Amino acid sequence: MKATEKVKSLPAARSCLYGVGLDKTQMDRPLVAIVYAHNEICPGHYHLDKLAESVRRGIEAEGGTGIRMNAGVGVCDGIAMGHEGMKYSLPGRELNRDAVVDMVRAHGVFEGVVYIGACDKNIPGYLMAAASMKDLPGIFVTTGPMMPGYLGEGKRADVVSSFAADAQFALKKINEQQYNQIMEESCPGPGSCAGLFTANSMACVTEALGLTVPGMATAHAVDNRKLRMATESGRQVMRMIKNGHYTLGDILNERAFYNALVVDMAIGASTNTVLHVPAIAREAGYEFDLDRINEISSKTPNILRLSPAGDHRMIDFDRAGGIPVVMKRLCLEGLLDDQAETVTGSLTVRINSTEDNDAVDVIKSAGNPYSKTGGIAIYRGNLAPNGAVIKESGVSPDVPRMFRGTARVFDDEQDATAFIKSGKVQKGDVLVIRYEGPAGGPGMSEMLYPTSAIKGLKMDKDVALITDGRFSGGTAGICIGHVEPEAYNGGPIALLQNGDSIIIDMDKREINADSSDWHDRQINWKKVDKPVKDHILKNYRKSFTK
């Protein structure tokens with residue numbers, strides 16, 4: 001007798017299953033957990049109950065019983081951004097992991113799991129849960145991108161448009177009517193925001209890992225294909241269960257993580273993937289350090305540029321063939337490990353069954369890319385001896401490869417944003433936003449207001465931003481984040497002063513500042529210790545304090 005059947009045969013367990021309305025026939029079938037975090041405040045999570053119902057239909061069609069569980073949290077970073085709430089977003093990743101693992105392992109009756117992932121920290125948390133429970137069959141359904149908004153005269157909008165409008169309106173670059181139109185159109189319905197920001201980047205990574213049916217990442221939330229894919233995913237997890245031995249352990253191996261990082265670099269995804277993919281790999285028992293990421297980036301062509309790096313949105317990517325076409329083009333150039341497995345079988349079979357019409361207006365060919373190297377790079381130097389991250393595909397080719405600027409130093413994001421909105425920022429400024437790291441924030445806040453303000457003022461070619469916090473997946477421009485060591489832990493970024501000269505060398509992948517008097521500054525340095533209100537942030541700070 002299988003372990004799950006033993007649990008279901010326990011008298012109290014059986015009584016409780018009767019208590020939620022299951023009959024004997026349903027109870028004796030394989031039980032499959034359907035996990036999701038539905039809420040009515042985040043557009044990416046708003047419709048997950050509908051996807052869960054479609055998944056359940058697929059499970060039942062293949063002879064299983066689907067059990068829906070609202071497990072984890074679904075923070076909307078668009079709402080959390082720009083105030084204290086953003087500090088709680090990244091800790092939600094581990095909350096999602098732990099909630100799912102706790103629900104599945106505690107009950108002991110589930111033979112498989114369908115993970116319905118949605119926004120920025122929800123998908124990574126669910127992926128971490130899946131990696132830690134890779135002894136079980138499982139499959140992912142992702143929320144689906146939001147459609148772009150429309151501003152007239154052929155102009156489209158996404159959530160970055162609303163962030164950019166903040167500074168534009170403050171400096172009277174647009175009027176109130178234009179501002180209100182942008183607010184109404186930037187998020188026109190359910191789904192993850194319409195560009196290649198963090199949520200959609202992680203959906204693409206999930207598909208590249210082999211954890212979804214083909215095309216899942218780009219099928220839009222309002223497209224009936226998404227519901228049909230959810231139903232098929234329910235069927236497919238049951239096929240994996242019937243197979244008897246095909247689990248996520250057969251998929252989540254070094255080949256899968258290598259392929260995911262190659263795709264990540266090829267599409268120029270969010271810099272936050274550098275935070276999440278290694279964490280997911282660690283849960284599965286594998287390590288990918290920053291140098292490994294740079295190594296992959298150096299030989300991977302960047303073949304896609306969506307908003308914020310370009311004018312195309314996820315809908316254009318979907319119509320061009322999505323992740324299957326990207327992987328086919330990379331595979332034909334020998335850039336992927338085609339021995340990897342997916343939830344539907346071998347990657348080779350998936351690649352061979354993908355149709356590619358060879359159009360290059362959205363997805364370039366690997367032989368004629370936007371750039372010969374990947375969209376994300378790791379920088380070091382005396383300001384970031386342990387590394388920092390930049391989305392190079394979001395930097396205009398007009399920016400000099402050696403950018404020299406003058407430091408303007410801020411100890412929190414709000415002061416930096418206020419400085420930009422005041423109109424005081426100058427060409428050649430390097431805005432340094434520190435004490436926003438995992439310990440210093442605490443919570444490693446994601447910042448889109450300052451970066452979008454710079455872009456909205458059309459200064460993204462002339463002004464750089466550096467932070468020990470994170471920049472949003474919606475960021476474009478000369479923006480370097482994740483600086484380590486962070487200021488709170490005494491990193492060199494803590495020693496910077498207004499007026500310091502900073503050099504960003506894109507060829508050497510370094511950020512450096514004049515360090516001639518850093519010894520004296522170190523002696524006089526006093527840590528900025530921001531107060532925290534509750535145990536979530538106190539515990540988070542403690543885990544990252546060195």
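The shown structure was predicted, so the numbers you read here are calculated from the model rather than taken from an experiment. Worth knowing before you read on, the calculation uses all heavy atoms, side chains too, and leaves out hydrogens, waters and symmetry mates.
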Looking at every non-hydrogen atom in both residues, tell me the closest pair between [X] and [Y] and how far apart they are.
{"X": "Cys204", "Y": "Phe317", "answer": "SG-CE2, 4.1 Å"}
{"X": "Ser132", "Y": "Val101", "answer": "OG-CG2, 3.4 Å"}
{"X": "Gly72", "Y": "Ala99", "answer": "N-CB, 3.6 Å"}
{"X": "Met238", "Y": "Ile59", "answer": "CG-O, 3.7 Å"}
{"X": "Gly322", "Y": "Ile363", "answer": "O-CD1, 4.0 Å"}
{"X": "Ile511", "Y": "Ala384", "answer": "CD1-CB, 3.9 Å"}

Note, [X] side chain near [Y] side chain (heavy atom, < 4.5 Å):
{"X": "Asp338", "Y": "Ile351", "result": "no"}
{"X": "Tyr115", "Y": "Val141", "result": "no"}
{"X": "Ile478", "Y": "Met506", "result": "yes"}
{"X": "Asn386", "Y": "Leu290", "result": "no"}
{"X": "Pro438", "Y": "Tyr540", "result": "yes"}
{"X": "Val362", "Y": "Leu304", "result": "yes"}
{"X": "Met240", "Y": "Thr247", "result": "no"}
{"X": "Leu275", "Y": "Leu90", "result": "yes"}

Check salt bridge (charged side-chain N to carboxylate O under 4.0 Å, His left out) between [X] and all other residues, then give those that pass, not counting sequence neighbours.
{"X": "Asp316", "value": "Arg156"}
{"X": "Glu111", "value": "Lys2"}
{"X": "Arg329", "value": "Asp356"}

Start with the C-alpha gap between Thr354 and Val325, add the side-chain angles, then the distance that decides, and say whether side-chain contact (heavy atoms from CB on, under 4.5 Å) holds.
-> CA-CA 7 Å; Thr354 298; Val325 168; 4.2 Å; yes
Test item: [X] side-chain N/O and [Y] main-chain N/O as donor-acceptor pair under 3.5 Å:
{"X": "Asn294", "Y": "Ala377", "answer": "no"}
{"X": "Glu207", "Y": "Ala217", "answer": "yes"}
{"X": "Asn39", "Y": "Gly74", "answer": "yes"}
{"X": "His38", "Y": "Tyr46", "answer": "yes"}

State which residues pass side-chain hydrogen bond (donor to acceptor under 3.5 Å, both in side chains) with [X]; sequence neighbours excluded, sorted by chain then number.
{"X": "Asp223", "value": "Arg225"}
{"X": "Thr143", "value": "His47"}
{"X": "Asn302", "value": "Arg305"}

Quick test of your reading of the model: are [X] and [Y] salt-bridged, counting only N-O distances below 4.0 Å?
{"X": "Glu5", "Y": "Lys8", "answer": "no"}
{"X": "Asp460", "Y": "Lys391", "answer": "no"}
{"X": "Glu53", "Y": "Lys50", "answer": "no"}
{"X": "Asp291", "Y": "Arg380", "answer": "yes"}

Going by side chain to side chain contact (heavy atoms under 4.5 Å, CB included), name the residues that satisfy it together with [X], two or more places apart in sequence or in a different chain.
{"X": "Lys6", "value": "Met1"}
{"X": "Asn352", "value": "Thr348"}
{"X": "Ser54", "value": "Arg57, Leu227, Ala230, Thr231"}
{"X": "Ala284", "value": "Ala131, Lys134, Phe257, Tyr286"}

With rounding to the nearest 0.5 angstrom, report the [atom1] to [atom2] distance, [X] to [Y].
{"X": "Asn200", "Y": "Thr142", "atom1": "CG", "atom2": "OG1", "result": "8.0 Å"}
{"X": "Arg93", "Y": "His276", "atom1": "CZ", "atom2": "NE2", "result": "6.0 Å"}
{"X": "Arg470", "Y": "Glu446", "atom1": "CZ", "atom2": "CD", "result": "4.5 Å"}
{"X": "Leu335", "Y": "Leu330", "atom1": "CG", "atom2": "CG", "result": "5.5 Å"}
{"X": "Ser192", "Y": "His45", "atom1": "OG", "atom2": "NE2", "result": "9.0 Å"}
{"X": "Thr273", "Y": "Ile293", "atom1": "OG1", "atom2": "CD1", "result": "7.5 Å"}

Given Val274 and Ile378, is the side-chain contact (heavy atoms from CB on, under 4.5 Å) satisfied, shown in steps?
-> CA-CA 9 Å; Val274 174; Ile378 306 300; 4.1 Å; yes
Among Leu465, Thr467, Ile466, the one residue meeting side chain to side chain contact (heavy atoms under 4.5 Å, CB included) with Cys479 |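 Of the listed options, the one satisfying the test is Leu465.
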Checking side-chain contact (heavy atoms from CB on, under 4.5 Å) for the pair Lys226/Asn224: CA distance, chi angles, key distance, verdict?
-> CA-CA 5 Å; Lys226 180 62 75 173; Asn224 66 52; over 6 Å; no
Indicate whether the side chain of Gln236 and that of Arg239 have a donor and an acceptor atom separated by less than 3.5 Å.
->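 Side-chain D/A pair, Gln236 to Arg239: present.
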Looking at [X], I'd like to know if its [atom1] atom is crowded, meaning that more than 12 non-hydrogen atoms belonging to other residues, nucleotides or ligands lie closer than 6.0 Å.
{"X": "Asp28", "atom1": "CG", "value": "yes"}
{"X": "Tyr88", "atom1": "OH", "value": "yes"}
{"X": "Lys242", "atom1": "NZ", "value": "yes"}

Tell me the salt bridge (Lys or Arg N to Asp or Glu O under 4.0 Å) pairs involving residues 254-267, sequence neighbours left out?
->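 Residue pairs passing salt bridge (Lys or Arg N to Asp or Glu O under 4.0 Å), neighbours aside: Arg255-Asp337.
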Parallel under 30°, tilted from 30 to 60°, perpendicular over 60°: which one fits the rings of Phe110 and His107?
->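 Rings of Phe110 and His107: perpendicular, as their planes differ by over 60°.
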Name every donor-acceptor pair, under 3.5 Å, that has one atom in a side chain of residues 117-124 and the other anywhere in the protein, sequence neighbours excluded.
unit_1, atom_1, unit_2, atom_2, d
Asp120, OD1, Ala199, N, 3.4
Lys121, NZ, Asp77, OD2, 2.5
Lys121, NZ, Ser89, OG, 3.1
Asn122, OD1, Ala118, N, 2.9
Asn122, ND2, Val73, O, 3.3
Asn122, ND2, Asn96, OD1, 3.2

How far apart are the C-alpha atoms of Ser297 and Glu392, what are their side-chain angles, what is the distance that settles it, and do they pass the side-chain contact (heavy atoms from CB on, under 4.5 Å) test?
-> CA-CA 10 Å; Ser297 179; Glu392 288 192 328; 5.7 Å; no
